[in-house]
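Structure first, then comments.
Along the sequence shown, the residues carry numbers beginning at 1.
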Amino acid sequence: MFNAHDISRNACQLFGEQAKCGYDWWWHSFTARHEKTGVEKAFFIEFFLCNPEYGEEKPVFGQLPENREKGIKPSYLMVKAGSWGKDAAQLHRFFGWKEIKVDYGVPFRVKADDCFLSEDKTKGSVSVSAEDAAAHPEWMCQSGSMAWKLHIDKQVAFNVGYGASEPMRDLQAFEMFWHAEGMKTAYEGEVVWNGERYTVDPETSFGYADKNWGKDFTSPWVWISSCNLTSELTGRKLENSVFDIGGGRPKVGHVALDRKLLSAFWYEGTPYEFNFSKVWTHTQTVFDCHETDTQIIWHVEQANRQDRMVTDLTCEKEDMLLVNYESPNGEKRHNRLWNGGNGQGTVELYHEGVLVDRIRVENAGCEYGEYDEEEENGEERDDGENFFNRVKSANSEMLENIGMAIEEARKGVRDRIGQLHDRLADKDTKQVTDRDGTADACRMTDSGEPEYTANLQEAAKKIRFLDLRHVTSAVREMCIEANLRLAPDMKAALEKASRTETGELGLKILGQLEENLKIADTDEIPICQDTGMAVVFLKVGQDVHFTGGSLKDAVNDGVRQGYTDGYLRKSVVSDPLLRENTDDNTPAIIHTEIVEGDEIEITIAPKGFGSENMSRVFMLKPADGIEGVKNAVITAVKEAGANACPPMVVGVGIGADFEKCAVLAKKALTDELNSVHSYYNSSKSCEFAATTGAKNGRKQPDTSYLEELQKDLFDSLNKLDIGPGGMGGKNTVLGVNIETYPTHIAGMPVAVNICCHVNRHVTRVL
């Protein structure tokens, strides 16, 4: 499925030959509203890297006559920012490679002066005077100013498949690559456009984020995308939907293929994909893009074996601009590349010939342009019928071979599993029959297969193969994110504490904590100097098969990379008594749970030991009851006092046995603040427990008392007057989270795991 996030594709790709004649850019577009008038306005931001191999102290422009004459190629970072509308303008700011810092790892980071871009944040400024714009045509921009500071939340991805995979990138199989890590992206922050302030709200930003890289651009150049969609059949706003269409005329090597587009529609959680590189889907595309005196018009029809999508879009030229780039070889051939952010139109979706929905499209990002020349400098043009036949004729059979090899490998593995199960089943059936004389030792299906063998073969078809490099990459990113960003529920709790605190010293402490968080956010530094020991909770779907090594090693590699690349303090010693630092913060503490499905959920919780040292396990008697639990929690928090950096978050585990109880308390810290989870109400395993209990004549216990217990504890702990920083006040704890588990008739373990005010945790699903 196309909605597969892969931030390795979002990393900088300018390696080897690509660094000598290549570009790499990250594009962001979104809608904001004037802080006073509420008027809507669309903006864009792009970081464009070109030819780092020729890095100079100052930016080099390839299109300058003297440079073209000498064959000097462009080399710089171009930060492009601007707006569409009546005052549409693009503003460019250039940096030489001596000024640029690029993190080539995953996740990427690009920084030059006050301009910064990463997976989840961007900030910067561009200002061009009218005089400078006129004096420097090589800057390719208009005049004006724009400053921004934004958080980025990439929600739905358009992963185009193996065409942009690592082997294809290494081979530089195409002249232009595309990956939309955030074809539906929520932005939050502010923009200052020519002195006017605009607010960017996640709910109405209608954002988009993608990247392109390669040796040259495509012609025609086509792009349409929007997540501001409304069903014309029901009138309902489609909150969980987005579509994306892009491409033009792909090139394999220097061979231009037929005009083709890739597209995907995420329709309220249902995927529709029209991807010509997945030949088994038999995707066909017909499109027409043209300009009139006043408009740019797009018409795209696409179909595969089951689905069909018809897209019609227009955008007024007065709301658009002619976007400018020079290619890595110094040429500027795209001189009528129309670009806009206010496209409108419709999309019709069909499944097996039946209309699914007719959708009204607004706030669409859109592009269309073709090279000035009708023919592309005499390049070979291929007008064959079949994409992969054309690739073969260009001696590029690797595309088909790789795609088919992937499918054949999966099919081969599944077939071999099925054959093995057949042989084992036949053998086991004979053994059972010989042993107990039962003729019906194994029921047979209509096809003559043992029933459990057929079930195993069916299960084998559901296996999802997951390269462990994705796990490593995610863990690396999450370790950095958890240490640099406060979780939203923690941020909201601190803000609430500041509003409710009455103690003078406590209020001052809270103000200092909030100031620390702002500085950490602005300067990209950890929110706490103790970046903790990495605690990792894994929920692994039973249908996932990992490839490429050991899951434990993959997690530890991610922690190692995250703490090294993120310049985080390394606090783990290899032996508890000899005390020699491991220098990379590994090994992590890893807790693994097997669950249903074909996904893996990863939670990273860096745990500092100022608060960890204050945690306790109490082995209570069953007769101690709820009051005993309350007294245990209050005792632990009271003894912790100022040592745990209050205001604290308290994780409480009740039940199970000695060690499981402690894990419950630790896991509770990663839950939403002030929540409760029992074995009977928090997961698929709980549903199973309830079902099996009912089969055996047992009722599911009523655990509603836990909510009252949580509230009582929260109130009681905040009456201890420990307060922020231990200086007294109403806010000793920001939250109390409880997790319970069945236990033995003779015991009642209670664990209290205390965390400081940052309570770091991040969760991702692969």
Side-chain angles (χ1 to χ4, degrees), residues 12-27 46-82 89-102 104 110-113 115 124 126-144 172 174-177 211-219 221 251 253-254 256 321-337 339 369-373 375-379:
C12 184
Q13 305 294 336
L14 297 180
F15 301 100
E17 292 300 314
Q18 198 83 34
K20 299 177 181 178
C21 188
Y23 66 89
D24 198 345
W25 85 58
W26 296 264
W27 170 271
E46 179 182 284
F47 280 54
F48 180 99
L49 296 171
C50 188
N51 294 340
E53 184 71 17
Y54 307 111
E56 299 288 344
E57 186 172 341
K58 295 182 178 180
V60 177
F61 300 94
Q63 46 180 304
L64 290 174
E66 59 269 29
N67 288 341
R68 294 197 64 179
E69 187 175 326
K70 296 176 183 177
I72 296 175
K73 294 179 180 179
S75 180
Y76 47 69
L77 161 65
M78 177 177 74
V79 177
K80 177 193 289 283
Q90 61 188 316
L91 311 175
H92 292 166
R93 183 178 178 186
F94 294 89
F95 297 92
W97 276 90
K98 300 297 183 183
E99 306 172 84
I100 306 165
K101 294 181 180 178
V102 179
Y104 282 84
V110 180
K111 189 177 189 307
D113 196 35
C115 295
V126 180
S127 181
V128 183
S129 68
E131 293 76 17
D132 282 344
H136 294 280
E138 72 275 14
W139 289 2
M140 306 173 290
C141 71
Q142 293 83 43
S143 62
Q172 297 182 28
F174 294 100
E175 279 209 339
M176 184 175 189
F177 291 87
K211 74 168 302 191
N212 289 80
W213 70 94
K215 300 176 182 178
D216 199 359
F217 309 129
T218 186
S219 178
W221 185 320
K251 291 181 183 178
H254 293 289
L321 53 84
L322 293 171
V323 70
N324 287 319
Y325 300 93
E326 61 177 355
S327 61
N329 63 10
E331 296 182 357
K332 187 177 184 301
R333 297 167 64 194
H334 264 301
N335 295 309
R336 289 192 66 79
L337 180 53
N339 173 278
E370 303 202 36
Y371 284 152
D372 289 340
E373 303 93 337
E375 294 296 328
E376 301 183 10
N377 294 335
E379 291 175 341

- Please list, chain by chain and in numerical order, all residues satisfying salt bridge (charged side-chain N to carboxylate O under 4.0 Å, His left out) with Arg336, sequence neighbours excluded.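 Testing Arg336 for salt bridge (charged side-chain N to carboxylate O under 4.0 Å, His left out), a comparison that skips the adjacent residues, returns Glu291.
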
- List in chain and number order the residues that pass salt bridge (charged side-chain N to carboxylate O under 4.0 Å, His left out) with Asp113, two or more places apart in sequence or in another chain; answer none if no residue qualifies.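 Salt bridge (charged side-chain N to carboxylate O under 4.0 Å, His left out) check on Asp113 returns Arg93.
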
- Task: Decide side chain to side chain contact (heavy atoms under 4.5 Å, CB included) for Gln18 and Gln13; before the verdict, give the C-alpha distance in whole Å, the side-chain angles of both, and the deciding distance to 0.1 Å.
- Result: CA-CA 8 Å; Gln18 198 83 34; Gln13 305 294 336; 5.5 Å; no

- Query: Taking C-beta and beyond as the side chain, do Tyr23 and Asn212 meet within less than 4.5 Å on heavy atoms?
  - Reply: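 Counting from C-beta outward, Tyr23 and Asn212 do come under 4.5 Å.
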
- Task: Report yes if some heavy atom in the side chain of Asn324 is under 4.5 Å from a heavy atom in the side chain of Trp139; otherwise report no.
- Result: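 No, side chains not in contact.
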
With sequence neighbours excluded, tell me which residues meet side-chain contact (heavy atoms from CB on, under 4.5 Å) with [X].
| X | answer |
| --- | --- |
| Gln142 | Ala89, Gln90 |
| Phe15 | Tyr104 |
| Ser127 | Ser145 |

- Item | CA sep, side-chain torsions, deciding dist, call: Asn51, Trp97, side chain to side chain contact (heavy atoms under 4.5 Å, CB included) | CA-CA 9 Å; Asn51 294 340; Trp97 276 90; 5.9 Å; no

- Between the side chain of Lys73 and the main-chain N/O of Cys50, is any donor-acceptor distance below 3.5 Å?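 Not a single qualifying donor-acceptor pair exists.
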
The criterion is side chain to side chain donor-acceptor pair (under 3.5 Å); which residues satisfy it with [X], sequence neighbours excluded?
| X | value |
| --- | --- |
| Glu17 | none |
| Asn67 | none |
| Glu326 | Gln63, Tyr76 |
| Asn339 | Trp84, Glu367 |

- What about the rings of Trp213 and Phe177, do their centers lie closer together than 6.0 Å?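 Between Trp213 and Phe177, the centre distance is under 6.0 Å.
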
- Item | Closest contact, heavy atoms only, Gly214 versus Pro328 |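 Shortest heavy-atom separation between Gly214 and Pro328 comes out as O-CG, 4.4 Å.
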
- Query: Do you know the tightest heavy-atom contact between Cys21 and Asn329?
  - Reply: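 Heavy atoms only, the tightest pair is SG-N, 4.3 Å.
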
Report the distance from atom [atom1] of [X] to atom [atom2] of [Y], rounding to the nearest 0.5 Å.
| X | Y | atom1 | atom2 | value |
| --- | --- | --- | --- | --- |
| Phe47 | Trp27 | CZ | CH2 | 13.0 Å |
| Lys211 | Cys12 | NZ | SG | 6.0 Å |
| Tyr371 | Thr218 | OH | OG1 | 7.0 Å |
| Leu337 | Ser219 | CG | OG | 9.5 Å |
| Cys115 | Met78 | SG | CE | 12.5 Å |
| Leu77 | Glu99 | CG | CD | 9.0 Å |

- Which residues satisfy the ring pair (Phe, Tyr, Trp, His ring centres under 6.0 Å) test with Trp221, sequence neighbours excluded?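 Expected list: Trp25, Phe217, Tyr325, His334.
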
Review item, side-chain donor-acceptor pairs of residues 54-61, under 3.5 Å, at least two apart:
from	atom 1	to	atom 2	distance (Å)
Tyr54	OH	Lys20	O	3.4

